[in-house]
Amino acid sequence: MDTLLKNKWSSAGLFLGAFALTLSLLHVNLGPFAAPPATLEIVVAEQVSAIKKGIIAGLKGEKTLIPAKNNTHNIDDILDCIEIGSAVIAMLLAFIAGMCKESHWSVTGSLAFGMATLGLHIFLFSVGLIFFILLLVVILFILSNFLF
């Protein structure tokens with residue numbers, strides 16, 4: 001307990017970085033938590049229905065009310081922001097702890113947890129980007145074989 005009290009900045013960074021890494025690993029393994037987006041058929045059917053109601057109301061001389069869009073926040077986006085924000089704060093706390101000449105081990109641990117969290121997000125983004133590029137290349141290859 002004495003070590004935690006001596007190294008306040010780096011201990012706070014350790015706890016925040018460990019929280020960020022744990023939250024991001026749980027989010028990756030158990031997520032996504034948000035409901036899947038509506039299918040294309042449902043979106044098109046809703047738009048066609050809205051147009052039909054608007055035309056009928058216009059022919060009757062009634063005013064059409066345009067419903068306001070509901071900007072609900074996605075729980076997955078919120079979790080991503082919390083993970084990345086707490087990792088960055090953990091790294092800032094490690095920097096402050098290093099400037100205050102706190103324990104090398106706790107400063108290194110705080111940096112490691114923060115960088116591991118950001119590294120996980122970068123890794124997942126790059127894997128998704130690579131698979132997108134591979135899918136695009138396969139689609140272009142198939143289309144070029146059909147065209148030529």
Side-chain angles (χ1 to χ4, degrees), residues 1-55 57 64-147:
M1 189 67 180
D2 188 41
T3 307
L4 291 177
L5 293 176
K6 272 185 177 176
N7 304 315
K8 293 177 184 168
W9 294 106
S10 58
S11 297
L14 273 170
F15 289 129
L16 201 58
F19 168 74
L21 186 59
T22 305
L23 185 64
S24 63
L25 287 174
L26 287 175
H27 185 212
V28 166
N29 289 325
L30 300 177
F33 299 120
T39 61
L40 182 63
E41 293 87 10
I42 293 173
V43 172
V44 169
E46 289 174 353
Q47 294 296 323
V48 168
S49 174
I51 291 171
K52 179 182 171 186
K53 288 178 184 176
I55 290 174
T64 58
L65 296 175
I66 300 172
K69 282 196 172 185
N70 234 355
N71 287 337
T72 57
H73 296 288
N74 188 354
I75 186 69
D76 293 319
D77 294 338
I78 293 170
L79 284 175
D80 283 338
C81 289
I82 290 172
E83 294 161 7
I84 293 172
S86 57
V88 168
I89 292 172
M91 290 172 37
L92 286 173
L93 288 173
F95 175 75
I96 293 170
M99 297 302 286
C100 293
K101 304 281 189 209
E102 290 186 5
S103 172
H104 173 71
W105 288 103
S106 56
V107 171
T108 305
S110 180
L111 272 176
F113 281 136
M115 291 176 70
T117 303
L118 293 179
L120 178 67
H121 281 274
I122 291 169
F123 172 74
L124 292 175
F125 176 75
S126 62
V127 167
L129 187 65
I130 288 170
F131 278 115
F132 172 73
I133 291 171
L134 287 175
L135 180 68
L136 189 64
V137 166
V138 167
I139 290 173
L140 290 175
F141 179 74
I142 290 172
L143 286 177
S144 67
N145 281 343
F146 281 130
L147 294 177

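In terms of heavy atoms, P32 sits closest to D76 at CB-OD2, 3.2 Å. When all heavy atoms of A34 and N74 are compared, the pair lying nearest together is CB-OD1, 2.7 Å.
The OG atom of S126 sits 8.0 Å away from the CD1 atom of I122 when rounded to the nearest 0.5 Å. Note that CZ of F125 and CD1 of I130 are 10.5 Å apart. Values are rounded to the nearest 0.5 Å. The line from SG of C100 to CG of L93 is 10.5 Å long, rounded to the nearest 0.5 Å. How far CD1 of I75 is from CD1 of I78: 5.0 Å, rounded to the nearest 0.5 Å. Atom CG in L26 sits 6.5 Å away from atom OG1 in T22 (nearest 0.5 Å). Taking CG of L134 as the start and CZ of F132 as the end, the distance is 11.0 Å to the nearest 0.5 Å.
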Exercise for the section: List the steps, then state whether side-chain contact (heavy atoms from CB on, under 4.5 Å) holds for T117 with I84. Expected result: CA-CA 7 Å; T117 303; I84 293 172; 6.0 Å; no
Practice task
List the steps, then state whether side-chain contact (heavy atoms from CB on, under 4.5 Å) holds for I82 with F19.
Solution key: CA-CA 10 Å; I82 290 172; F19 168 74; 4.1 Å; yes
Practice task
May I have the step-by-step check of side-chain contact (heavy atoms from CB on, under 4.5 Å) for L118 and V88, ending in yes or no?
Solution key: CA-CA 8 Å; L118 293 179; V88 168; 4.3 Å; yes
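Using a 4.5 Å heavy-atom threshold, the side chains of H121 and S24 count as touching.
No donor-acceptor pair under 3.5 Å is formed between the side chain of N7 and the backbone N or O of E102. Panel note: side chain S110, backbone A90; a donor-acceptor pair is recorded below 3.5 Å. Between the side chain of S144 and the main chain of F141, a donor-acceptor pair closer than 3.5 Å is present.
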